[in-house]
Amino acid sequence: PPSPLPAAEEKPDATVQIETPAEIMAQQKFSVKITVSNSGNARLTNGGLSFDLTKGLQLMNPPKTAGSLELEPGQTMDLTLELSAETAGVHGVRATLEADGVKEQGVKEFTVAEPEFAVTVEAPREHVLGSPLKLKLFVANNRETSIANIRATVAVPPNFEVVSGEEGA
């Protein structure tokens with residue numbers, strides 16, 4: 001009789017994938033989704049994820065589960081990183097999974113854009129000395145997406161002082 005076929009070796013088979021938003025603005029927080037999967041036929045044990053970020057990216061909240069991954073065969077786990085980009089340009093994230101007998105990486109490169117908004121100041125052409133001078137500050141978002149945490153400042157001309165101000169919506 002023919003000899004039986006050797007049993008398939010049981011081992012985990014891990015993958016690491018990274019997803020970023022389609023549009024990322026400098027100076028704003030954004031989320032990165034890290035998906036870790038085990039398509040092998042054995043449990044992935046003692047797993048830990050580490051993250052490398054290009055210069056100019058800041059990790060706002062390290063995920064609590066990144067240092068204690070255990071995945072059954074066929075199981076997938078999603079983790080979310082909250083990041084902020086200090087500057088515009090090409091940036092990248094590398095997530096490295098190390099577990100018993102496994103080392104896998106996911107790498108994602110993406111472009112961070114400068115926010116596009118306009119600030120204008122409207123003032124009358126003439127001003128009577130000693131009377132209030134009314135200035136209007138306009139801030140406009142020229143993008144199709146929202147921009148958050150904008151601060152606009154107007155320098156007061158010499159010999160003038162601010163006597164009141166209104167906040168716009």
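These figures come from a predicted structure and were not determined experimentally.
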Practice item. Supply the atom-to-atom distance N38 CG to T45 OG1, rounded to the nearest 0.5 angstrom. Key: 10.0 Å
**Study point:** F110 with L59, same ILVMFWY side-chain cluster at under 4.5 Å
**Key:** yes
Exercise for review: Answer whether the closest heavy-atom distance between the side chains of L57 and F30 falls below 4.5 Å.
Suggested key: yes
Study note, to complete from the structure: So NZ of K33 and CD of Q17: to nearest 0.5 Å the spacing works out to 9.0 Å
Practice item. Check the pair T80, E82 against side chain to side chain contact (heavy atoms under 4.5 Å, CB included), reporting the backbone distance first and the verdict last. Key: CA-CA 7 Å; T80 301; E82 295 292 329; 3.8 Å; yes
Review point. At what distance, to the nearest 0.5 angstrom, does CG of L69 lie from CG of L44?
Key: 7.5 Å
Practice item. Identify the heavy atoms of A26 and A88 that sit nearest to each other, and give their distance. Key: CB-N, 3.9 Å
Point to revise | Shortest non-hydrogen contact between G47 and A99, atoms and distance | key: CA-CB, 3.6 Å
Check your understanding: Got V107 and E109 here, is their nearest side-chain heavy-atom distance under 4.5 Å?
Key -> no
Point to revise | Minimum heavy-atom distance between R43 and P12, given as atom pair plus value | key: O-CG, 3.9 Å
Point to revise | Approximate separation, where rounding is to 0.5 Å, of F51 CZ and L79 CG | key: 6.0 Å
Revision key, fill the gap. CE of M77 to CD1 of I34, rounded to nearest 0.5 Å, is 13.0 Å
Exercise for review: Check E104, K103, Q105 against T96 for a side chain to side chain donor-acceptor pair (under 3.5 Å) and give me the one that passes.
Suggested key: Q105
Review point. OG of S84 to CD of Q28: how many Å apart, nearest 0.5 Å?
Key: 8.5 Å
Review point. Between K108 and E19, is there a salt bridge with N-O shorter than 4.0 Å?
Key: no
Exercise for review: Would you mind reporting whether E23 and M25 have side-chain heavy atoms less than 4.5 Å apart?
Suggested key: yes
Exercise for review: Test T87 against V112 for side chain to side chain contact (heavy atoms under 4.5 Å, CB included), laying out the working first.
Suggested key: CA-CA 7 Å; T87 58; V112 175; over 6 Å; no
Point to revise | Pairs flagged by ring-ring contact (aromatic ring centres under 6.0 Å, His included) wherever residues 83-108 is involved - sequence neighbours left out | key: none
Point to revise | Least distance between heavy atoms, P21 atom then S31 atom | key: CD-O, 3.2 Å
Point to revise | Test item: D13 side-chain N/O and N41 main-chain N/O as donor-acceptor pair under 3.5 Å | key: no
Point to revise | 4.5 Å side-chain heavy-atom contact, I24 and L83 | key: no
